[in-house]
Protein chains: 2
Amino acid sequence: MSPKVSDEYKNQKKTMLLQAAKSVFLAKGYTKTTMQDVMDEAGISRGALYAYFDNVEHLYMELLQFEDQVNVLFFSPNDDETSWQQITNWVHKQQKEMEQIEQTLTQANSEYFLSIRDSKKQEGETYSTTRYDRIVNALTVLFQSGTKKGELQPRLPAEMISRYLVSFIDGLMLDTAHLGAEKTRVAEQMEALLFSLREMLRPVSGK
Amino acid sequence: MSPKVSDEYKNQKKTMLLQAAKSVFLAKGYTKTTMQDVMDEAGISRGALYAYFDNVEHLYMELLQFEDQVNVLFFSPNDDETSWQQITNWVHKQQKEMEQIEQTLTQANSEYFLSIRDSKKQEGETYSTTRYDRIVNALTVLFQSGTKKGELQPRLPAEMISRYLVSFIDGLMLDTAHLGAEKTRVAEQMEALLFSLREMLRPVSGK
DNA sequence: TTGAAAAACGACAACGATGTCGTTTATAAT
DNA sequence: ATTATAAACGACATCGTTGTCGTTTTTCAA
């Protein structure tokens, strides 16, 4: 008499299921994906899948958090690069993501967040809120530390610039998700973004 | 022996159905809306509704075009205002829309366009493409005519600025649609936008 | 090797939505 | 009034998805 599999086994299995789910979400987006799809993709039974996840929404939620976990690391304090370099790096990373948007959860993410509207009004503090705040905050901190170090001389409040930046990226991602990277001219738009950021942040030259 | 109702009657009825559909879409968004919902809202039978619209997607498509019809008028050539005034007017109009985003089809629009992904890849020229091009073009023309009149001295290509502007607006609308206008600080972000536009377009002062 | 407990299975009932189609009702020309 | 025709109705068969639950299989400790 005993519990039957290690907790590690269960974690591995869960991760496998999340991988299967991810490839379905990449192919079909969030809204059109069903539990059935995930079962088929994972080659697992109905009962087994439901033992791990209650429904598609929970499934996506867990996948999202799992993926976010990986991406947190980007904004670690970094003294090798100037603040402006860190900013342009981040911007280019976003650009890369858009240029291969088919291999990205961007579209599914948008669908997911849009679908939460009803559930959200009840609660108030949702993961999507937290997520938005987190990224805005990370950028704000970056701008502020750059300012303290004398590398930036912002002409607008740091937080305002952060939000502005996030809005632009979200919009370009959305448009690119359904029109494609060529149609939206991702590369050009990124130039325009950097132009704007330079005007807002005034990075001191040479730094 | 004869046809039974005037073609005008049918148009009126269609418009009524579109109104009913609109109020459902406002309440439930695109994805969650069913033909049944529209029947209930319109107080009409199944057969009648299907006589006018094949399915939800067609229904939304027609609604979208109907609504767009109304909004085309904004960019008429206008000599009473400077180009910069026209631009700020447009920006403020967008702001208004976001501040009452609950009464707006913004959310449903995003859902709708995101849901088209599969159908789109086949065709290539979809309404969403046309729509994007139309707005980009309208803004580009506005910037160019302002430049010719000597009211603007753009530091980037007009079309680049247009796309950039559209991306930002789309992003802020998306974020506002699921976080609310207070959370995203719409008003502040619009300030930041105007700051950027001023730097990009260099409107000559006094004009 | 055995047996208890957990994990995996898959049949099934229930639901909600879809699109069709035979029937009924309303319209307007005769 | 009559009648041909179209509009409106709503019952119905169908489909895909969901979540459950009794059964079978696997796992590991004793």
Side-chain angles (χ1 to χ4, degrees), chain A residues 1-25 27-63 108 111-112 115-119, chain B residues 1-25 27-63 108 111-112 115-119:
Chain A
M1 56 184 182
S2 63
K4 280 314 152 97
V5 304
S6 67
D7 46 347
E8 184 177 1
Y9 170 89
K10 293 219 289 189
N11 275 340
Q12 283 186 344
K13 185 124 201 176
K14 199 164 189 176
T15 305
M16 282 173 49
L17 292 177
L18 287 178
Q19 290 309 324
K22 181 175 178 178
S23 78
V24 177
F25 285 126
K28 306 190 56 173
Y30 173 73
T31 311
K32 289 180 182 163
T33 295
T34 68
M35 292 295 263
Q36 190 65 56
D37 293 327
V38 178
M39 288 165 219
D40 294 347
E41 176 72 24
I44 205 183
S45 77
R46 191 156 208 85
L49 180 58
Y50 272 92
Y52 287 89
F53 305 101
D54 289 344
N55 52 51
V56 182
E57 188 182 325
H58 287 154
L59 183 43
Y60 196 83
M61 180 75 170
E62 292 230 30
L63 176 58
E111 289 183 67
Y112 172 72
S115 78
I116 312 295
R117 60 143 58 182
D118 301 303
S119 6
Chain B
M1 57 184 180
S2 64
K4 282 310 152 101
V5 303
S6 67
D7 46 349
E8 184 178 359
Y9 169 90
K10 293 220 290 189
N11 275 339
Q12 283 186 344
K13 184 123 199 176
K14 200 164 188 174
T15 305
M16 280 174 48
L17 292 177
L18 287 178
Q19 290 309 324
K22 181 175 177 179
S23 79
V24 177
F25 285 126
K28 306 191 55 172
Y30 173 72
T31 312
K32 290 180 183 165
T33 294
T34 69
M35 293 294 264
Q36 190 65 56
D37 293 327
V38 178
M39 288 164 220
D40 295 346
E41 176 72 25
I44 205 183
S45 77
R46 191 157 208 85
L49 180 58
Y50 272 91
Y52 287 89
F53 305 100
D54 289 344
N55 52 51
V56 182
E57 189 183 324
H58 287 154
L59 182 45
Y60 197 83
M61 180 75 170
E62 292 231 31
L63 176 59
E111 289 183 66
Y112 172 73
S115 79
I116 311 296
R117 59 144 58 181
D118 300 303
S119 6

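Side chains are part of it too, since the values below use all heavy atoms of this structure and drop only hydrogens, waters and symmetry mates.
- In this view, A/Phe25 and A/Tyr60 satisfy the ring-ring contact (aromatic ring centres under 6.0 Å, His included) rule, not counting sequence neighbours.
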Between the protein and nucleotides 23-25 of chain D, which nitrogen or oxygen pairs are less than 3.5 angstrom apart?
none

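- With hydrogens and angles disregarded, a donor-acceptor distance shorter than 3.5 Å links the side chain of A/Lys32 to the backbone of B/Ser115.
- Between the CD atom of B/Glu8 and the P atom of D/dA6 there is a distance of 20 Å, given to the nearest Å.
- For the side chain to side chain donor-acceptor pair (under 3.5 Å) test, residues two or more places apart in sequence or in another chain that qualify with A/Lys22 are A/Glu67.
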Enumerate the protein-to-nucleotides 13-15 of chain D contacts in which both atoms are nitrogen or oxygen and the separation is below 3.5 Å.
none

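- Rounded to an integer number of Å, the gap from CD1 of B/Ile44 to C1' of D/dC9 is 10 Å.
- Applying the salt bridge (charged side-chain N to carboxylate O under 4.0 Å, His left out) rule to pairs touching residues 35-50 of chain B yields B/Lys28-B/Asp37, sequence neighbours excluded.
- One interatomic measurement links the two molecules: NZ of B/Lys10 to C1' of D/dT5, which rounds to 12 Å at whole-angstrom precision.
- Note that the CG atom of B/Leu18 and the NZ atom of B/Lys13 stand 13.0 Å from one another [nearest 0.5 Å].
- Among residues two or more places apart in sequence or in another chain, the side chain to side chain contact (heavy atoms under 4.5 Å, CB included) test is passed with B/Asp54 by B/His58.
- Contact check for B/Met39 versus B/Thr34: no side-chain heavy atoms found under the 4.5 Å cut-off.
- In terms of heavy atoms, B/Tyr52 sits closest to B/Lys10 at CE2-O, 3.8 Å.
- As a whole-Å value, the separation of B/Leu59 CG from C/dG19 P is 12 Å.
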Show me the protein contacts with nucleotides 12-18 of chain C, counting only N or O atoms at under 3.5 Å.
| from | atom 1 | to | atom 2 | distance (Å) |
| --- | --- | --- | --- | --- |
| C/dT18 | OP2 | B/Met35 | N | 3.3 |

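- With sequence neighbours left out, A/Val38 forms a side chain to side chain contact (heavy atoms under 4.5 Å, CB included) with A/Ala21, A/Thr33, A/Leu49, A/Leu59.
- A/Phe53 comes within 4.0 angstrom of no nucleic acid atom, judged by non-hydrogen atoms across all strands.
- Partners of B/Met16 by side chain to side chain contact (heavy atoms under 4.5 Å, CB included), not counting sequence neighbours: none found.
- Within residues 13-22 of chain A, no residue approaches DNA chain D, by heavy-atom distance under 4.0 Å.
- In this structure, A/Asp40 atom CG and C/dG10 atom P are separated by 12 Å, rounded to whole Å.
- Rounded to an integer number of Å, the gap from CG of B/Leu49 to C1' of C/dT20 is 14 Å.
- Take A/Ala48 and apply the side chain to side chain contact (heavy atoms under 4.5 Å, CB included) test, not counting sequence neighbours, and it matches A/Ile44, A/Ser45.
- No side-chain heavy atom of B/Phe53 sits under 4.5 Å from any side-chain heavy atom of B/Met61.
- Considering every non-hydrogen atom in both B/Ala42 and B/Ala20, the closest pair reads CB-CB, 3.7 Å.
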